[in-house]
Amino acid sequence: MAERSLEAERNDALLTWYRATARPFPWRSMRDPYAILVSEVMLQQTQADRVVPYFERFMTEFPTPRALADAPLTRVLELWSGLGYNSRAKRLRDAAAVVATDGWPDDVDGLMQLPGVGPYTAKAIASFAFGASVAAVDTNLRRVLSRWHGEELKPAALQAVAERNLGPDAAQWNQAMMDLGARICRPRAPHCDRCPVEQWCAGPGAYVPPRPQGRFEGSARQLRGAIIRHLVARPATFAALVESTGFDAGHVEEALYDLRTEGLVEPDGDRWVIAE
DNA sequence: TTCCGGTACG
DNA sequence: CGTACAGGAA
């Protein structure tokens, strides 16, 4: 009973703060499930501020699932260039093709069948576009909820705690939590002095930072990105790719094999091209 | 568990 | 120069 009251007060404070300070991202004023899908896939592992211009250009050129489904992958990757994780772009186009043919799945399980749509993105679409009463637990919610409770929560517990806090407007609560996590309850140096719910929080200690990523310079990821950028501009022979990337032939060979397996590139005569 | 981009920030 | 990013798939 007392627990419910604490949570109710904390959520009231959260939503009051959000209504006064919400970041005006373009997708937040939209309910079109396609627009939400595009934004959410772009937002996977990419800061929201950086997604905005990509989202605008993408929606202008591919305003509907059919438009995207019919687009050459080369053009899709061209508009994607700079966002990273190029497989997301192909999966997004593949998802658009499914939707253009079969229509939209009407629940979270159905949405998760779409390429590139996992637990988070499915719940985000269900909540933001379809008004479903579900919590979209992303990295922000995981961190904020863990800090509120003073311990790192496992996925099942996180989902349960989030659903319990949702309130009548799931989309608004989800977005409020993400804003709080991004702007106040940051991973390092959180602004607890500016936090609207500090009095109901156990403090920042519970957050466990992720294991550091390997160096990007000289990595396979850098090579893959360089190959895609080259092939988006023009087809190239294997030798030309070795020359332009500056990596040795063995690594270029491996990268091309992986990219081909993922459906991003394919051989065309004596050259490599972006896959259809 | 590991890998997958590229950018911007302190 | 290290860090973090509205995750998903193999």
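Worth knowing before you read on, the calculation uses all heavy atoms, side chains too, and leaves out hydrogens, waters and symmetry mates. Here is the naming used below: chain letters follow the sequence lines, and residue numbers restart at 1 for every chain.
With DNA chain C read from its 5' end, the first of the two nearest nucleotides for A:Ala48 and A:Pro212 is the one closest to A:Pro212. With the nearest nucleotide of DNA chain B identified for both A:Arg211 and A:Gln47, A:Arg211 has the one nearer the 5' end.
A straight line from CG of A:Leu92 to P of C:dA9 spans 12 Å, rounded to a whole angstrom. What separates NZ of A:Lys90 from C1' of C:dA9 is a distance of 14 Å, to the nearest Å. For A:Tyr18 and C:dA6, the OH to C1' distance is 12 Å, given to the nearest whole Å. What separates OH of A:Tyr54 from C1' of B:dG6 is a distance of 8 Å, to the nearest Å. One atom, CD1 of A:Ile36, and another, C1' of C:dA6, lie 11 Å apart when rounded to the nearest Å. Summarising the geometry, the separation between CZ on A:Phe128 and C1' on C:dA6 is reported as 8 Å, rounded to the nearest angstrom. Atom C1' of nucleotide C:dG7 and atom CE of A:Met178 are separated by 12 Å, given to the nearest angstrom. In this structure, the CD atom of A:Gln44 is 16 Å from the P atom of B:dG6, given to the nearest Å.
The side chain of A:Gln45 contributes an N or O atom lying less than 4.0 Å from OP1 or OP2 of C:dG7. The side chain of A:Arg50 contributes no N or O atom lying less than 4.0 Å from OP1 or OP2 of C:dA6. Phosphate contact (OP1/OP2 of B:dG6, side-chain N/O of A:Arg229, threshold under 4.0 Å): present. Taking side-chain N and O atoms only, A:Arg91 has no distance below 4.0 Å to OP1 or OP2 of C:dA9.
Here A:Val117 lies in heavy-atom contact (under 4.0 Å) with sugar-phosphate atoms only. A:Ser81 comes within 4.0 angstrom of no nucleic acid atom, judged by non-hydrogen atoms across all strands. A:Trp80 comes within contact range of no nucleotide atom at all, as no heavy-atom separation falls under 4.0 Å. A:Gly118 comes within contact range of the sugar-phosphate backbone alone, with a heavy-atom separation under 4.0 Å but no base atom that close. Nucleic acid contact class of A:Pro209 (heavy atoms, under 4.0 Å, all strands): none. Using a 4.0 Å heavy-atom cutoff across all strands shown, A:Ala220 reaches sugar-phosphate atoms only and no base atom. Residue contacts shown for A:Asn86 are limited to sugar-phosphate atoms, with no base heavy atom under 4.0 Å away. Within 4.0 Å (heavy atoms only), A:Leu83 reaches at least one base atom of the nucleic acid. Using a 4.0 Å heavy-atom cutoff across all strands shown, A:Glu262 reaches no nucleic acid atom at all.
For A:Glu56, the CD atom counts as densely surrounded, since its 6.0 Å shell holds more than 12 non-hydrogen atoms of other residues, nucleotides or ligands.
A heavy-atom distance below 4.5 Å is not found between the side chains of A:Ser39 and A:Val51. Here the side chains of A:Phe62 and A:Arg75 are in contact, with some heavy-atom distance below 4.5 Å.
Judged by distance alone with a 3.5 Å cut-off, no donor-acceptor contact links the side chain of A:Thr121 to the base of C:dG8.
Residues A:Thr121 and A:Glu40 have side chains that never bring a donor and an acceptor to within less than 3.5 angstrom of each other. A:Asp270 and A:Thr237 form no side-chain donor-acceptor contact under 3.5 Å, judged by distance and modelled atom types alone.
Nearest to the side-chain atoms of A:Phe216 among the listed nucleotides C:dC5, B:dG5, C:dA6 stands B:dG5. Closest approach to the A:Arg143 side chain among C:dC5, B:dG6, B:dC4 is made by C:dC5 (side chain taken as heavy atoms from C-beta onward). Distances were taken from every side-chain heavy atom of A:Arg215 (C-beta onward) to each of C:dG2, B:dG5, C:dA6; the shortest belongs to C:dG2.
Taking the six-membered ring for Trp and thresholds of 30 and 60 degrees, A:His251 and A:Phe247 have ring planes more than 60 degrees apart, a perpendicular arrangement.
Rounded to a whole angstrom, the distance from the P atom of C:dA6 to that of B:dT2 is 23 Å.
Because its NZ or CZ atom is both nearer than 6.0 Å to the ring centre of A:Tyr54 and within 45° of the ring axis, A:Arg57 counts as a cation-pi partner of that residue.
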